[in-house]
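So you know, we letter chains A, B, ... as the sequences are listed, proteins then strands, and number each from 1.
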Amino acid sequence: MINYSEIEDKWQKAWAEAKIFEGEVGEKPPYMVTAAFPYADMPQHIGHLRTYGTADVLARYKRMRGFNVLFPMAFHASATPIIAIAKRIQDNDKELIETMKIFHVPDEDIKKMVDPRYIAEYFTKELETGMHAAGYSVDWRRKFVSIDPFFSKFVEWQFGILNSKGYLIQGKHPVGWCPHDNNAVGMHDTKHDVEPEIEVETAVRFKLDGEDAYFVCSTYRPETIFGVTNVFIKRDARYVLCSMGDDGKSYYISKMSADTLSHQTKITVSKELAGEELLGRKCANPMTGALVPVYPGFFVKEDVGTGVVMSVPAHAPFDYAALERLRKDGYLMDDIKPIKVLDVQIGRSLGDVSAGEAKPTQLDVPALAYLEILHTKPDAIDDMLEFATKLEYREESHWGKMIVKGYEGMSEPAARERVRKELEAKGDAFDIYVLQNAPVVCRCGTPVVVKVVDDQWFLNYGDAKWKDTTKEAFGKINMLPEKSRNAFSAAIDWIDLRAVARARGLGTKFPLDRNFIIEPLSDSTIYPSFYTISNAIRGIDVEKLKPEFFDYVYRKVGDLDAVAKSTGIDYSVIKRCREAFEYWYQYTSRHSGSDLVFNHLTMYIFNHVAVFDKAYWPKQIVTNALVNYEGEKMSKSLGNIVPLLDGVKKYGADPLRINIIGATDLHTESEFSNAAVSGIKERLGYLYDTIGELGKLESGELKRIDYWLYSKLSAKIEHSTDSMEKLELRDAYTSVFYESILELRRYFARGGNNVIAVKDFLSDVVLMLQPIAPHMAEEMWHMLDNDTFASAEKWPVSDSGMRNEKVELLEELVDSTITDAKQVGALMEKKTGKKAAKLHVIVASGWKRKLVNAIAKERNISKALESLQGEPASDKEQASKLAGALAKKVNEIRGVSTTQEEELDGLREASAYMAKQLGCEVSVEAEGGSRSQRAARSMPMKPSLDIDSA
RNA sequence: GCAGGGGUGGCGGAGCUUGGUCAAACGCGGCAGACUCAAGAUCUGUUGGCCAUAGGCCUGCGUGAGUUCAAAUCUCUCCCCCUGCACCA
């Protein structure tokens, strides 16, 4: 049994003592690997191995490829969860404390976590311990925390630059808001961690006839305004007459919506009344001018939107149903006729079957037609109407074409935008925000509302010039996996204004308004550059870290002497910082989970472009998918989180690393499972044992199977090197790990026993295993009589001279012959009831090879036969016979490279092996010399088989 | 809704960039055998389906169409699944 923890301890200590992972400026080409900050609000679980482990594998690989590698690490604490956690600890939140227990946080530490700073302090230690245990080749001298004062100086400097470039702007912004706490609320501030989802609706105003006031209807589909036949209100709800904003007009909306909307605009109520009282009035459609009546709608909700709904019976099943019900109840409205505004093939998305059955009686009223194809009626339950609404909305949005004059042929989304803009231009429409997933409840118990704050600071990622420069930089970045490029491209186009200041949290104060904190994703966009100097400036009085220091180090602005003088920082330190930045930042590889593409990673590119010279723009970005546990997503609520330290202790760092990092492509989720890890352990054990037993092998002359092993090794090195360059780790480690073991097994089964060959093979395999399984590789490397560090060795180089395709081909011939013989033997046994006693393997003559190759080349039977001129007459006769048989497959025939002698040789050499596999005697014969009647059936690479029964 | 990714055996997933030599590498699971008093572990073999029974044939890569001598692979259509959608790490 391998004692993983003993081996891990041993080598982790040895590496630290030898300082082999400490990056210093040097002569070799630099390569800097950074992975997204871990957040210091929880320790790591095994899922984190995916990103950090991948970065470590790359760092270790590049070191072996002759690069001077720097792999630093730091921690993020400037986040809201950390504040929320402190608060929840204070409130004695059971669920949270449960989670803390999963991570073995001692009670006394939990108690201290009412202080957010203690949370950060505790978990940064935990994180470092975990990363150490996982065997990451990190240069720990450079670590810092995002709330360290010297880092804040760096962030402030960065924001100074962004501001000087005009990228910081101020404006209105909708946020989830708790009226009780008077605070913006995010996911971490709500019960059950629900993210408040804010959605924009269009509010359209309808002028009342004969009254200086408006109804405000909220809608998602302003383009249907052409089809409005009436307005719905809720009969038994309370409504108010109020002012909205400062346009001096009066508006009718429900009382409840007035409360909600008061967080978005100034609302002053002048009168309150019952919905009942509004009935019977008329108001004007702002688009068409038509006067429409006000009716009660059964489905209208006073707390949704404005509590007033514009009715479009042609395109809204609810509206249609409401009118039908009113009609049934005898409500007079002879003048109401649905007005169709767009055309669509009804039921198209349901497939041919349902659409074929549907017989819409009134195609002029799509809303009714939708009810009909769903076999439902206007008096159906709300859920059915809802379903019909969704279907209609979706199909019309997808395929609908406008039929309204002036908008003919426009798609629904285009028309929606245009109508909205037109109405807004006239002042007849404005945006209102709604909580799409209401109710969302703040941890204090108050329902969350949408508030529009008007003094929010934004980073303007929409700035056209900035975007263009970013795209330029993006085009040159190496993306791994390459297919992530599309997502980035979309993200760069999409990102616009990003709020950068927040009211509370740990972190750097916002320089333009010290009452705010810089939002935690925005404070960490260019921090990888801070690693290049963090070790050199730690301990310097932070007040000396003035902007001119950073300007010089990162942008070479100013003069070294002057900077030293004005900051008071030692000349040599500044010089060293500049040199370190210039050196390390030439080539950087950035690693993160793919979930960060749409925020951190995109902002990472933007901010680098804004701050640094071209030479220091990002060079490579690596994203990876996440980790599942036994087929399920890992999550705290599922309780299937395995803390990293527990995992390492239980399974060993290397088996975990192979399973989580090496068994999957970057873009697919990896699967952690106990079964997979134990399979990996068995295989590591096989390699370990094989090395331990090398002494039992001999050192004779190389045999065919030895050449085969060398050939396989050479191909393996070439293949896995290619894969590693693209970080296709699954591919690389299938070859290096799994297939190596299969090859060794076959080698021994074929009678291989050469100590030199096996040792050569294993040495290279062990070295290639080093990036992913560093501890075991180190151990085995030393068992192979080396006294250097595998972690500091060179990656193996493929010796193309060792490639021997002929030998590999002949081994495949042995395999296929065995497979065929088994099948034939089984058939024979089934037919005759007798077991095979002797197998005759008859190898095809040379002329057949010529014929086959000629056909493969010419794709023409007669031409191929011509090329056989000069062969003995009898062969020619047989050749034309055979050629006739091959004629109908003329396009499928492949050429062969083996001669009859080579095949005979290869099969004879393996005849003992074949005999063992088949359990019968094996005789290998040449076609010419065989007495078997089946000899003529033999083909190149497909010997004829004849079995003598017992 | 928008954006990105995906749909291949019992399962996880290769293959798609560059069409043919290729359907299913590698792993898990299943089955059979070896070892064992036995179980487990391990090793060996086998494993898409169907019809065959001297090594063969047919069928099969979400749906439907198209391009081509040839499509898992290229184009289009539709369906379904996953992820993200901002002040939140």
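Between atom OH of residue A:Tyr433 and atom NZ of residue A:Lys451 there is a gap of 13.5 Å, rounded to the nearest 0.5 Å. If you take CG on A:Leu809 and CE on A:Met941, they are separated by 4.0 Å, rounding to the nearest 0.5 Å.
A:Val824 comes within 4.0 angstrom of a base, heavy atoms only. Looking at heavy-atom distances under 4.0 Å, A:Glu482 makes no contact with the nucleic acid at all. Across all strands, A:Ala490 comes closer than 4.0 Å only to sugar-phosphate atoms, never to a base (heavy-atom distances). Within the 4.0 angstrom heavy-atom criterion, no nucleotide atom of any strand lies near A:Ile198. Note on A:Ser944: a base of the nucleic acid sits closer than 4.0 angstrom, heavy atoms only. Here A:Pro943 lies in heavy-atom contact (under 4.0 Å) with a base. Among the atoms of the strands shown, none is found under 4.0 Å from any heavy atom of A:Leu596. Looking at heavy-atom distances under 4.0 Å, A:Asp41 makes no contact with the nucleic acid at all. Within the 4.0 angstrom heavy-atom criterion, no nucleotide atom of any strand lies near A:His600. At a threshold of 4.0 angstrom between heavy atoms, the contacts of A:Ala487 are confined to the sugar-phosphate backbone, with no base atom among them. Here A:Val185 lies in heavy-atom contact (under 4.0 Å) with sugar-phosphate atoms only.
When the P atom of B:U46 is taken as reference, atom CD1 of A:Ile818 falls 10 Å away, rounded to whole Å. Going from atom NZ of A:Lys822 over to atom C1' of B:U47 covers 13 Å, rounded to whole Å. Remark: C1' of B:U21 and CD of A:Glu812 are 12 Å apart, rounded to the nearest angstrom. Protein atom OH of A:Tyr733 is 17 Å distant from nucleotide atom P of B:G27, rounded to whole Å. Atom CD in A:Glu417 sits roughly 12 Å away from atom C1' in B:G1 (whole-Å rounding). Regarding A:Met828, its CE atom lies at a distance of 22 Å from the P atom of B:A52, rounded to whole Å. Atom-to-atom, CD of A:Glu743 to C1' of B:C26 comes out at 12 Å; the value is rounded to the nearest Å. Rounded to whole Å, atom C1' of B:G5 lies 14 Å from atom CG of A:Asp595.
A distance of about 7 Å separates the C1' atoms of B:C16 and B:A72, rounded to the whole Å. Distance check on atom C1': B:A23 versus B:U73 gives 11 Å, rounded to whole Å. One C1' atom belongs to B:C51, the other to B:G60, and the distance between them is 15 Å to the nearest Å. Separating the C1' atom of B:G20 from that of B:G10 is a span of 31 Å, rounded to the nearest Å. If you take atom P in B:U75 and the same atom in B:C85, they sit 30 Å apart, rounded to whole Å. Rounded to whole Å, the separation between the C1' atoms of B:C61 and B:A71 comes to 11 Å. Between B:C58 and B:U53, the two C1' atoms lie 15 Å apart (nearest whole Å). The same atom, P, is picked in B:G5 and in B:C74; the two are 13 Å apart, to the nearest Å.
Using a 4.0 Å cut-off, no side-chain N or O of A:Arg730 falls inside it from OP1 or OP2 of B:G27. Here A:Lys916 does not reach the OP1 or OP2 of B:U44: none of its side-chain N or O atoms lies under 4.0 Å away. Contact annotation: A:Lys942 reaches the phosphate of B:G56 (side-chain N/O to OP1 or OP2, under 4.0 Å). For A:Arg683, a side-chain nitrogen or oxygen approaches OP1 or OP2 of B:C28 to under 4.0 Å. One finds no side-chain N or O of A:Asn486 lying less than 4.0 angstrom from the OP1 or OP2 phosphate oxygen of B:A3. For the OP1/OP2 pair of B:A54 and a distance below 4.0 Å, the side-chain nitrogens and oxygens of A:Arg934 include no atom meeting the criterion.
For A:Trp457 and A:Phe510, the gap between ring centers is short of 6.0 Å. Aromatic rings of A:Tyr461 and A:Tyr167 (six-membered ring for Trp) have centroids beyond the 6.0 Å cut-off, not under it.
In this structure B:G12 sits in a base pair with B:C26, meeting the Watson-Crick or G-U test at under 3.5 Å.
Nucleotides of RNA chain B nearest to A:Leu742 and A:Pro174 differ in position, and the one nearer the 5' end is that of A:Leu742. Between A:Ala676 and A:Phe458, the residue whose closest nucleotide on RNA chain B is further toward the 5' end is A:Ala676.
In the set B:A86, B:G55, B:C26, B:C26 carries the atom at the smallest distance from any side-chain atom of A:Glu739. In the set B:A54, B:G55, B:A86, B:A86 carries the atom at the smallest distance from any side-chain atom of A:Ile495. Comparing B:A25, B:C28, B:G84 by their closest approach to the side chain of A:Ala675 singles out B:C28. The listed nucleotides are B:A25, B:G27, B:G56; the one nearest the side chain of A:Tyr738 is B:G27. Listed nucleotides B:C87, B:G5, B:C26 differ in distance to A:Lys483; the shortest reach to its side chain belongs to B:G5. Distance from the side chain of A:Arg745 is smallest for B:C43 among the nucleotides B:C43, B:G55, B:A86.
Geometric assessment of A:Arg657 against the ring of A:Tyr651 yields a negative cation-pi assignment under the 6.0 Å and 45° thresholds. Cation-pi geometry between A:Arg745 and A:Tyr686 is met: the NZ or CZ atom falls under 6.0 Å from the ring centre, inside 45° of the normal. Geometric assessment of A:Arg221 against the ring of A:Tyr393 yields a positive cation-pi assignment under the 6.0 Å and 45° thresholds.
A:Thr51 contributes no side-chain N or O that, together with a main-chain N or O of A:His48, makes up a donor-acceptor pair within less than 3.5 Å.
With contacts defined as side-chain heavy-atom distances shorter than 4.5 Å, the pair A:Lys681/A:Ile2 does not qualify.
Taking syn as a glycosidic angle within 90° of 0, B:G55 does not qualify and is anti.
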